[in-house]
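Report on one structure; see the data block that follows.
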Amino acid sequence: MLRWLTAGESHGPELLAIIEGVPAGLELSRDDIARDLQRRKLGYGRGARMKFEQDELHLSAGVRHGKTIGSPIGLRIGNAEWPKWTEVMSAEHVDESVFATGRGTPLTRPRPGHADLTGMQKYGFDEARPVLERASARETAARVALGAIAKRFLHELGIETVSHTISIGTVNLPEDAPTPTLADLEAIDADPVRMFDAETSARAVAHIDEVRKSADTVGGVVEVCVRGLPCGLGSYVHWDRRLDARLAAALMSIQAIKGVEVGDGFKTAERLGTAAHDELFTSPDGITRSSDRAGGIEGGMSMGTLLRVRAAMKPIATVPNALATVDIAQGIDATAHHQRSDVCAVPAAGVVAEAMVALELMNAILEKFGGDSVGETRRNLEAFMGAIPQQLATSANSAIPNPNRPIDEREQGDSRSAWRV
Ligand SMILES: Cc1cc2nc3c(=O)[nH]c(=O)nc-3n(C[C@H](O)[C@H](O)[C@H](O)COP(=O)(O)O)c2cc1C
Ligand SMILES: C=C(O[C@@H]1CC(C(=O)O)=C[C@@H](OP(=O)(O)O)[C@H]1O)C(=O)O
């Protein structure tokens with residue numbers, strides 16, 4: 001079993017993370033983690049902080065000579081601006097004068113859409129500072145660091161995770177855009193909005209510029225694609241063991257994510273049964289699927305085919321053209337406090353989604369296959385796959401059109417029909 005926790009405030013000294021249950025013998029370097037931290041900072045539309053934030057990483061425990069040793073892995077990520085916040089975010093009492101001006105001024109005009117007001121009500125604060133410090137997506141740096149460890153583990157088992165941007169506001173990838181593979185990740189990361197289509201990306205960038213000019217913010221949709229998974233992760237036997245439910249919770253836990261789709265998700269609800277599922281047919285190397293509409297999960301279990309999940313991010317709540325709110329200190333109508341903020345953080349959310357999916361899949365793998373060392377996990381996985389009888393085996397080459405069935409007209413415009421995957 002995998003357990004992990006994060007701690008740390010956005011303007012405190014650092015973020016902390018501990019992950020327990022990582023098998024021994026996993027090759028892991030500081031660079032593996034630093035690389036993903038760097039990827040999370042990228043993306044057109046992010047605010048000033050990402051330009052100077054260093055995400056200084058300290059790998060404090062659980063790794064020796066470049067390999068995990070089975071003990072909890074502990075890490076710290078510094079907040080570059082801490083020297084400016086030592087008094088406002090001090091763990092010790094400070095003089096009242098700190099709160100009279102500047103950074104310490106109480107934030108009494110909560111932002112609609114952020115955690116400010118409800119956090120104040122719930123925890124009994126008279127201003128939003130202690131709420132936003134932890135509600136902030138700064139915390140996702142810690143998740144991405146842990147996710148990098150999970151991705152290293154998955155990679156050792158031949159499982160690869162790729163995320164990309166599907167839409168920014170109303171600017172969408174074409175329906176027939178190809179699903180990226182690991183080989184495409186470098187190009188995706190090099191794109192300003194992490195889109196795998198240069199023309200759509202240029203329109204998305206222009207859209208973010210317009211949004212910024214009009215003092216507004218914008219959201220979008222990201223997708224995570226995973227190849228190389230074994231079948232049988234998760235289960236149909238109980239609600240909390242369903243892999244789709246677990247992935248949905250993992251994605252929904254990301255700040256500002258308001259919707260999750262597995263496979264074709266909501267679109268499937270509009271289709272008839274004959275055009276909604278992934279039909280099976282024989283091929284020389286095992287059972288093959290005609291498409292991947294289910295997104296690689298049936299009955300709450302991984303099918304051993306391409307896994308695809310999407311997450312929808314709402315527009316950033318700190319809108320420059322400030323929204324109506326109430327000044328809690330004075331009891332009067334007001335506009336929300338504004339501070340440095342992102343205009344669009346969808347590209348970064350894709351990297352965070354990748355981390356959350358990887359962590360959940362690593363957990364599901366360890367539940368099914370166990371292993372105190374990576375070698376033991378691998379042997380258990382291979383033994384399970386090897387024991388699947390010939391007549392039940394799935395071809396690795398799934399999601400190709402069924403040659404026995406003529407292509408239905410309705411399927412022509414179907415974004416996830418096999419011949420486009
Ligand atoms: C990578 C990332 C960056 C974000 N940046 C900001 C930001 O700069 N300003 C902001 O108001 N919200 C930002 N958010 C969203 C808020 O953290 C989020 O809306 C808030 O915590 C309230 O949670 P909820 O939207 O899930 O209800 C960001 C979210 C993510 C995932
Ligand atoms: C710090 C990060 O994102 C922050 C997320 C965030 C929010 O409200 O969620 C608000 C902003 O915080 P700040 O006012 O300190 O710039 C973002 O920069 C980060 O992603 O590392």
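Just so it is clear, the model here is predicted, and its values are computed rather than measured. All ligand and atom numbering here is 1-based and tracks the order in the structure.
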Inset, instruction - Please check if atom OH in Y236 has more than 12 non-hydrogen atoms from other residues, nucleotides or ligands closer than 6.0 Å. - result: no
Legend entry - Shortest protein heavy-atom distance from atom 23 (O) of ligand 1, along with the residue and atom involved: A256 N, 4.1 Å
Inset, instruction - List the closest protein heavy-atom neighbour of atom 28 (C) of ligand 1: residue, atom name, distance to the nearest 0.1 Å. - result: A137 CB, 3.6 Å
Legend entry - Candidate with minimal heavy-atom separation from atom 24 (P) of ligand 1, of K258, M313, H114, Q339: K258
Inset, instruction - Only counting residues at least two apart or in another chain, list the ones meeting salt bridge (charged side-chain N to carboxylate O under 4.0 Å, His left out) with D209. - result: R212
Inset, instruction - Check ligand 1 against D342 and write out every atom of the ligand that is under 4.0 Å from a heavy-atom position of the residue. - result: 3 (C), 4 (C), 5 (N), 6 (C), 7 (C), 8 (O)
Legend entry - Shortest reach to atom 3 (C) of ligand 1 by a heavy atom, considering only R46, Q255, K41, H338: R46
Inset, instruction - Spell out, as yes or no, whether a donor-acceptor pair under 3.5 Å connects the side chain of E20 to the backbone of I73. - result: no
Inset, instruction - Considering non-hydrogen atoms only, spot the tightest contact between R103 and R129 and give its length. - result: O-NH2, 4.0 Å
Inset, instruction - Flag yes if more than 12 heavy atoms outside E56 fall under 6.0 Å of its CD atom; otherwise flag no. - result: no
Inset, instruction - Give the numbers and elements of all ligand 1 atoms closer than 4.0 Å to a heavy atom of K314. - result: 19 (O), 24 (P), 25 (O), 27 (O)
Inset, instruction - Run through ligand 2 for me and note each protein residue having a heavy atom under 4.0 Å from it, chain first, then residue number. - result: S10, H11, R40, R46, R49, M50, H114, S136, A137, R138, Q339, R340
Inset, instruction - Please say which of K51, R138, R340 ends up in a salt bridge (charged side-chain N to carboxylate O under 4.0 Å, His left out) with E81. - result: R340
Tell me which donor-acceptor pairs under 3.5 Å the side chains of residues 65-72 have, and how far apart each pair is, sequence neighbours excluded?
residue	atom	partner	partner atom	Å
T68	OG1	P23	O	2.7
T68	OG1	G25	N	3.3
T68	OG1	L26	N	2.9

Inset, instruction - Look at atom 7 (C) of ligand 1 and say which protein heavy atom is nearest, naming residue and atom and giving the distance to 0.1 Å. - result: S341 OG, 3.4 Å
Inset, instruction - For T118 and A115, indicate whether the former's side chain and the latter's backbone hold a donor-acceptor pair under 3.5 Å. - result: no
Inset, instruction - Write out the residue and atom name of the closest protein heavy atom to atom 22 (C) of ligand 1, then the distance separating them to 0.1 Å. - result: G113 O, 3.8 Å
Inset, instruction - Give yes if a backbone or side-chain nitrogen or oxygen of T140 is under 3.5 Å from a nitrogen or oxygen of ligand 1, and no if not. - result: no
Inset, instruction - Do me a favour and list the nearest non-hydrogen protein atom to atom 21 (O) of ligand 1 with residue, atom name and distance? - result: A135 O, 3.1 Å
Legend entry - Pairwise distance NE2(H207) to OG1(T170) - rounded to 0.5 angstrom: 4.5 Å
Inset, instruction - Please round to the nearest 0.5 Å and tell me the distance separating atom CD1 of I328 and atom CG of L117. - result: 5.5 Å
Legend entry - Minimum-distance protein heavy atom relative to atom 6 (C) of ligand 1: I316 CD1, 3.4 Å
Legend entry - Protein contact of atom 11 (O) of ligand 1 - nearest heavy atom, named by residue and atom, plus distance: T318 OG1, 2.5 Å
Inset, instruction - Examine distances only and state if a side-chain atom of T165 and a backbone atom of S167 form a donor-acceptor pair shorter than 3.5 Å. - result: no
Legend entry - R35: salt bridge (charged side-chain N to carboxylate O under 4.0 Å, His left out) partners, not counting sequence neighbours: D32
